[in-house]
Amino acid sequence: MYFKQRTHTCGELREENIGQEVVLNGWVDTRRDLGGVIFIEMRDRYGVTQIVFEPHFNEAAHHEGKVLRGEFVVSVEGIVRKRPEGTENDRLPTGTIDVLVNKVIILNQAKTPPFAIQDDIDVHEDLRLKYRYLDLRRPKMQQALMLRHKMYQIARKYFDSKDFIEVETPVLMKSTPEGARDFLVPSRMHKGKFYALPQSPQQYKQILMVSGLDRYFQVVKCFRDEDLRADRQPEFTQIDVEMSFVDQEQIFEVVEGLMVEYFKEVWNKELVTPLPRLTYDAAMEKYGSDKPDLRVGLEMKLLNHVFENSTFRVFQDSIAKGGAISGLVAPGCGDYTRNQLDVLTDFIKKLGAGGLIWIRVKEEGLESPTMKFLTPEEQANLTAELGAKPGDLLLILTGAKWKTLSLMGMLRLEMARRLDLIKPDAEPKLLWVTDFPSFEWDEETKRFYAMHHPFTSPRLEDVEFMDTDLSKVKARAYDLVLNGSEVAGGSIRIHDSALQNKMFKALGYTPEDAQEKFGFLMNAFQYGAPPHGGIAFGFDRLAMIFAGEQSIRDVIAFPKTASGISLMDECPSPVSDDQLKELHIRLRG
RNA sequence: GGGGUCGUAGCUCAGCUGGUUAGAGCGUCUGCCUGUCACGCAGAAGGUCGCGAGUUCAAAUCCCGUCGGCCCCGCCA
């Protein structure tokens, strides 16, 4: 089909183009047929331009214009004309002109789309995902993808300017049963053997440091076969970074530099550095989360010392077992009804709490079923410690330390939602969370696991505890947290074989286990591994927050649903027996 | 694995204490309309009430199961 190349995009024409003969190619956005004159808005990635069919100007074109429908692909030739006085559209950058059509070629017809191709449509997401190619025509989605593109380019330019080199690492690699579940890829040529898709290029980037690449980064897809969330997809993009001969401080400096760029280029905001830092312990104690949202002012308080000598059985038990008593003031919620408090109690119980202690603060004192268990002195200390005022509601959770703090953190966010404390236009809050524990106790298997990964260096002053009390060992690990989301995480790695062996031993690996699982990394480290460390950005999350979206699906071109399927191409899908046979696989059941 | 919520026209929803022919707005189609921009006016078409089984004289409505979307907990080195 013959058609002329466009002379302009649909977002380009202005008053200075008046009088020019132009060619536009694009999609029919909206159609307003007034019987005589027909107005059509034409859309492409760059914008929208109104084209006009007038019978007196060109009868044949007008006749052709009659049959155009939404989403038809057209090429039009015409003359740019100033819109008559009073008919300008100030919502369009092209709104002072329109194009009087001389000729229209229908490049393709289109079925009526199942939903309108425009922003702010009210349509279920599953429909958008099934027809993702139409969804992505919406200006908002195109802007999201363009923002994402801009953010890739900023990162690449930034890291390049800092002497980092981008290296691609394998997508087919060895499965490591540590951490998240691997996606497995069966080998045809090696019966019974499997590749795994990388959860992250962790081991490869460390080997690149051994190889002397010094500074590496990569925009890289990673895969984790775990359940999804609004901010979690089974395949996602990291900006992966590793540096040699550095400590935490140099990594922070590099990362903060990139964040300054992002704040400036995306939000036009000046980010003040160095960023605030919070230790893991402090974050848990005050915010009940290792990714605290500091836009919410509410702070939790540890109350163990207030109830040290309490006769209240619940508090006694907690303290005796080394647990936590955590309190939170819900300002102005002192008028919560019994019913509202029951709803709140139910909310936190469903998350795993044993119960919720609530106390209404009145002018005349504290009001709660729990009060009969507390001495007047304890009541006074409680009020003072929390800084509670009449009209407030006090919430207290108690039990095993980390679980209780974490539950209180969820309650804190719930109260923030109820009190509407997170305004969309609130100043973004970016901070480092540092000094994560090296080890995490797992109740189910009754053993310690690496909280980050087994190559994370403990703080050197904590190495002595590796033989005595693993719960005391803190790691040289850090997360970057933006508005309550973990947007990057990393650590200084172990580069010393002796320390690495000590770590494997602490995690319960025999030397044979370690060799079997991580042998290639261990071997590499015997040939001169420099001190090194790094970080990886969760790029989708970062893009989501910078785009002001609530779901990473809105900044990913072709995302999966919460159950991990693609509604558009309907994967995962069954495969033929022949395919399975070739891979030496027989399905069970 | 668990909890919550939703599923009715192409879309967004109402109807749900069982009872006539399941409605509305938008969209689509047809006709009229020469400056619209949410064009307007008139008319029409459009339904496996997610699916299955059950209770009942009778089920969109009640019960059970199942599938799917979204959110959360667990999980995510």
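Labels below follow one simple rule: chain letters A, B, ... track the order of the sequence lines, proteins then strands, and each chain is numbered from 1. All values below come from the heavy atoms of this structure, side chains included, with hydrogens, waters and symmetry mates left out.
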Engineer: Strictly by Watson-Crick or wobble contacts shorter than 3.5 Å, is anything paired with B/U5, and which nucleotide is it?
Structural biologist: B/G69
Engineer: Give the nucleotide from the list B/G35, B/G69, B/C11 with an atom nearest to the side chain of A/Glu54.
Structural biologist: B/G35
Engineer: Given the C1' atoms of B/U21 and B/G40, what is the spacing between them in whole Å?
Structural biologist: 32 Å
Engineer: Nearest to the A/Leu34 side chain among B/C37, B/U34, B/C70, which nucleotide is it?
Structural biologist: B/U34
Engineer: Please determine if A/Arg132 and A/Asp135 form a salt bridge, counting it only when a charged side-chain N lies under 4.0 Å from a carboxylate O.
Structural biologist: yes
Engineer: Select one nucleotide: of B/C11, B/G35, B/G74, the one nearest the side-chain heavy atoms of A/Met410.
Structural biologist: B/G74
Engineer: Would you measure the distance from the P atom in B/G3 across to the matching atom in B/G74 and give it in whole Å?
Structural biologist: 15 Å
Engineer: Of the residues in residues 199-207 of chain A, which ones touch RNA chain B at a heavy-atom distance under 4.0 Å?
Structural biologist: A/Ser200, A/Gln202
Engineer: Using the six-membered base ring of B/C11, report whether A/Phe115 stacks on it, requiring centroids under 5.5 Å and planes under 30° apart.
Structural biologist: no
Engineer: What's the verdict on side-chain contact (heavy atoms from CB on, under 4.5 Å) for A/Leu24 and A/His8, showing C-alpha distance, side-chain angles and the deciding distance?
Structural biologist: CA-CA 6 Å; A/Leu24 299 180; A/His8 298 80; 4.0 Å; yes
Engineer: Are A/Lys472 and A/Asp462 within salt-bridge range, i.e. N to O under 4.0 Å?
Structural biologist: no
Engineer: Distance check, P atoms only: B/G68 and B/U56, in whole angstrom units.
Structural biologist: 31 Å
Engineer: Once you apply a heavy-atom cut-off of 4.0 Å, does A/Leu127 come out as touching a base, just sugar-phosphate, or nothing?
Structural biologist: sugar-phosphate
Engineer: Checking contacts here: which listed nucleotide (B/U36, B/G69, B/C71) is nearest the side-chain heavy atoms of A/Arg32?
Structural biologist: B/U36
Engineer: Determine the Euclidean distance between corresponding P atoms of B/G18 and B/U28; express it in Å to zero decimal places.
Structural biologist: 40 Å
Engineer: For side-chain contact (heavy atoms from CB on, under 4.5 Å), just list the numbers for A/Leu298 and A/Leu421, CA-CA rounded to whole Å, side-chain angles, deciding distance to a tenth of an Å, and then say yes or no.
Structural biologist: CA-CA 9 Å; A/Leu298 304 179; A/Leu421 296 180; 3.8 Å; yes
Engineer: For the side chain of A/Leu351, counting heavy atoms from C-beta on, which of B/C72, B/C75, B/C33 is nearest?
Structural biologist: B/C72
Engineer: Would you classify A/Pro84 as touching base, sugar-phosphate or nothing, given that sugar-phosphate means primed atoms plus P, OP1 and OP2, and contacts are heavy atoms under 4.0 Å?
Structural biologist: base
Engineer: Minimum heavy-atom separation for A/Val101 to A/Asn58, with atom names?
Structural biologist: O-CB, 3.9 Å
Engineer: Has the side chain of A/Arg229 got a donor or acceptor atom sitting under 3.5 Å from an opposite partner on the base of B/G74?
Structural biologist: yes
Engineer: Rounding to an integer number of angstrom, what distance separates B/G23 and B/G19 when you compare their P atoms?
Structural biologist: 14 Å
Engineer: Please measure how far the P atom in B/A22 lies from the corresponding atom in B/C39, and state the result in whole Å.
Structural biologist: 32 Å
Engineer: When all nucleic acid strands are considered with a 4.0 Å heavy-atom cut-off, which category describes A/Ile565: base, sugar-phosphate, or nothing?
Structural biologist: sugar-phosphate
Engineer: For A/Asp479, is there an ion pair with A/Lys291 - N to carboxylate O distance below 4.0 angstrom?
Structural biologist: no
Engineer: From B/G10, B/G69, B/U12, pick the nucleotide closest to the side chain of A/Asp126?
Structural biologist: B/G69
Engineer: Check every strand shown and say whether A/Asn89 touches a base, only sugar-phosphate, or nothing at a heavy-atom separation below 4.0 Å.
Structural biologist: base
Engineer: Would you state whether a donor and an acceptor, one from the side chain of A/Arg83 and one from the base of B/U36, lie under 3.5 Å apart?
Structural biologist: yes
Engineer: What I want to check is whether an N or O donor and acceptor connect the side chain of A/Arg232 with the base of B/C76 at under 3.5 Å.
Structural biologist: yes
Engineer: Side chain of A/Leu567, heavy atoms from C-beta onward: which of B/G27, B/G69, B/C71 has the nearest atom to it?
Structural biologist: B/G69
Engineer: Tell me which nucleotide, if any, is Watson-Crick or G-U wobble paired with B/U28 when both distances must be under 3.5 Å.
Structural biologist: B/A44
Engineer: Hey, does A/Asp225 reach any base, or is it just sugar-phosphate, or nothing, if we go heavy atoms under 4.0 Å?
Structural biologist: nothing
Engineer: Are A/Gln233 and A/Ile552 side-chain neighbours, meaning at least one heavy-atom pair lies under 4.5 Å?
Structural biologist: yes
